[in-house]
Number of protein chains: 2
Amino acid sequence: MPRGNCRGQGWWHGKFQGCGYRLTAGREAILDILSKSEGHLSAEDIYIKVHSKYPNVGLTTIYRTLDVLSNLGMVSKLDFGDRRARYELAEGPKGERHHHHLVCTNCNKVVDYTDFIDEEVELLQETEKGLGAKYNFKITNHIIQFYGLCDKCSGKK
Amino acid sequence: MPRGNCRGQGWWHGKFQGCGYRLTAGREAILDILSKSEGHLSAEDIYIKVHSKYPNVGLTTIYRTLDVLSNLGMVSKLDFGDRRARYELAEGPKGERHHHHLVCTNCNKVVDYTDFIDEEVELLQETEKGLGAKYNFKITNHIIQFYGLCDKCSGKK
DNA sequence: CTCCTTAATGGAAATGGTTTCCATTAACAA
DNA sequence: TTGTTAATGGAAACCATTTCCATTAAGGAG
């Protein structure tokens, strides 16, 4: 029962119902936390933050909701190599804070960069459109990441 | 002891020693399998293939070697959402078979695409150079993935 | 507003890919 | 050939994530 092929324009209050999802306290709590937090939160990070405000929301719901949001394209699920998924709000393609990631494969340090984003976004939108048409995909999200060694780690022998 | 900041040009026979890594039968076996296989292999896939030829290579070594190769930028570690890492040889940035991925978030189907790759590669190389300089990263690898619903999955309600 | 269908929930238990441990082996520089 | 130490493999541990299932509640129908 994939319902991710439903893409609204506005913000989530309407987005959910329009897609057949129910709007619950837990889901609102998670979106609330996500929109107020900077950085790349793990499911547990989110659980702790949500739990302090809504103690009756369980970890399982966190995972389930993040999965839904991810499928809807509202949240990006990221892997920085530290053995747990990280999540962040996916702004619209022209969103102000749109960025990609630079990851150190040694210490797992992550740099959010916004340089070159404009050119990237332009190309990605074309690519997305072209790929969607050619392969019949309804694309909701994308990920770009560069991997390497950061300043400190590349110095060490 | 990060040694990934060592990037040779040639192929792996020399690449290893130059970086201080030892060239062992297991490592050769894994590279051999990887270079002869199409597709996105899991650690276990590789283990099975390697094991049939070199029965004394253990799964642990597979993981360790893939990690080394990944840090060297010779192998890309991928996440398609099926709960296990996938690996493939990372050709040079201008390699013939260079491609990126389109992933269905419902059935985990993966499409390798090469469309738009030229433009992408060009932009990515500039970006890589710029980012490397600005943030002092020695970049060895990158990943681009589009997520959405494939033909079949977007039809279902 | 009330009823009813069924999506959503949460806590506990299970899962399983990946890592850790450690004694043993072997790569390769001297 | 020898010595140093990286590399190995098998078993056990790890732990993020999923599955189970009985219970709750969202929201459309009347």
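A quick note: this is a predicted structure, and the numbers were derived from the prediction, not measured. The sequence lines fix the lettering, A, B, ..., with proteins before strands; numbering per chain opens at 1.
Between A:N56 atom CG and D:dT23 atom P the separation is 18 Å, expressed in whole Å. For the pair A:D79 CG and C:dT18 P, the computed distance is 11 Å after rounding to whole Å. Note: NE2 (B:H51) to C1' (D:dG10) measures 11 Å, nearest angstrom. One interatomic measurement links the two molecules: CG of A:D67 to C1' of C:dT9, which rounds to 15 Å at whole-angstrom precision. Regarding B:R64, its CZ atom lies at a distance of 14 Å from the C1' atom of C:dA26, rounded to whole Å. Remark: P of D:dG28 and OH of A:Y21 are 16 Å apart, rounded to the nearest angstrom. Straight-line distance from the CG atom of B:L66 to the C1' atom of D:dA7: 15 Å, rounded to whole Å. Separating the OH atom of B:Y54 from the C1' atom of D:dT8 is a distance of 16 Å, rounded to the nearest angstrom.
Nearest to the side-chain atoms of B:R83 among the listed nucleotides C:dT9, D:dG9, D:dT18 stands D:dT18. With distances taken from any side-chain atom of A:A43 to the nucleotides D:dT17, C:dT18, C:dA8, the minimum falls on D:dT17. The nucleotide whose nearest atom lies closest to any side-chain atom of A:Y63 is, among C:dT9, D:dG27, D:dA16, D:dA16. Ranking D:dT17, C:dT18, C:dG11 by closeness to the A:T60 side chain, first place goes to C:dG11.
The 5' end of DNA chain C is approached more closely, in terms of each residue's nearest nucleotide, by A:I62 than by the other of B:L59 and A:I62. Closest-nucleotide positions on DNA chain D for B:T24 and A:A85 were compared, and the one nearer the 5' end corresponds to B:T24. Annotation: of the two residues near DNA chain D, B:G58 and A:R86, the 5′-most nearest-nucleotide partner is B:G58. Checking B:R84 against B:A25, the closest nucleotide of DNA chain C that is more toward the 5' end is the one next to B:R84.
Here the straight-line distance linking atom CG of A:L41 with atom CZ of A:R84 works out to 12.0 Å at 0.5 Å rounding. Rounding to the nearest 0.5 Å gives a distance of 12.0 Å between OG of A:S42 and CG of A:L78.
Aromatic pair B:H100/B:H142: centroids less than 6.0 angstrom apart.
Phosphate contact (OP1/OP2 of D:dA7, side-chain N/O of B:R22, threshold under 4.0 Å): absent.
A cation-pi arrangement is absent between B:R22 and B:F16, since the terminal nitrogen or guanidinium carbon is not both under 6.0 Å from the aromatic centre and inside a 45° cone about the axis.
B:Y47 and B:H51 have tilted rings, their planes meeting at an angle from 30° to 60° on a 0 to 90° scale.
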